Amino acid sequence: MLQDLGQLDQARAEFEAVLATRTEQFGADHPSTLVARHNLALVLRELGLEEEKDN
């Protein structure tokens with residue numbers, strides 16, 4: 001929703017937090033974690049920070 005409103009920096013922070021939580025709870029290869037990683041990658045692309053997707 002933040003992403004749709006153009007609040008990309010806030011969306012990035014939220015997706016980073018969700019990714020960290022899901023990675024801790026479910027592991028890196030769990031489908032929920034992979035969805036969170038994908039969502040973060042989309043925001044990073046919109047911010048022009050695609051190189052950070054691989055980290």
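As a basis for the values below, the full set of heavy atoms in this structure was taken, side chains included, without hydrogen atoms, waters or symmetry mates. Please read all numbers here as calculations on a predicted model, not as lab measurements.
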Are [Y] and [X] linked, directly or through intermediate hydrophobic residues, by side-chain heavy-atom contacts shorter than 4.5 Å (ILVMFWY only)?
X: L8; Y: L44; value: yes
X: F26; Y: V35; value: no
X: L19; Y: L49; value: yes

query = Is atom NE2 of H30 surrounded by more than 12 heavy atoms (other residues, nucleotides or ligands) closer than 6.0 Å?
reply = yes
request  = Report, as yes or no, whether the 6.0 Å neighbourhood of atom CD on Q25 holds more than 12 heavy atoms from other residues, nucleotides or ligands.
outcome  =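 Yes, enclosed.
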query = Do any N or O atoms from the side chain of T33 and from the backbone of G27 form a donor-acceptor pair under 3.5 angstrom?
reply =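 Indeed, once roles are kept as given, a pair shorter than 3.5 Å links the two residues.
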query = Say you draw a straight line from OG1 of T23 to CG of L34; how long is it, rounded to the nearest 0.5 Å?
reply = 8.5 Å
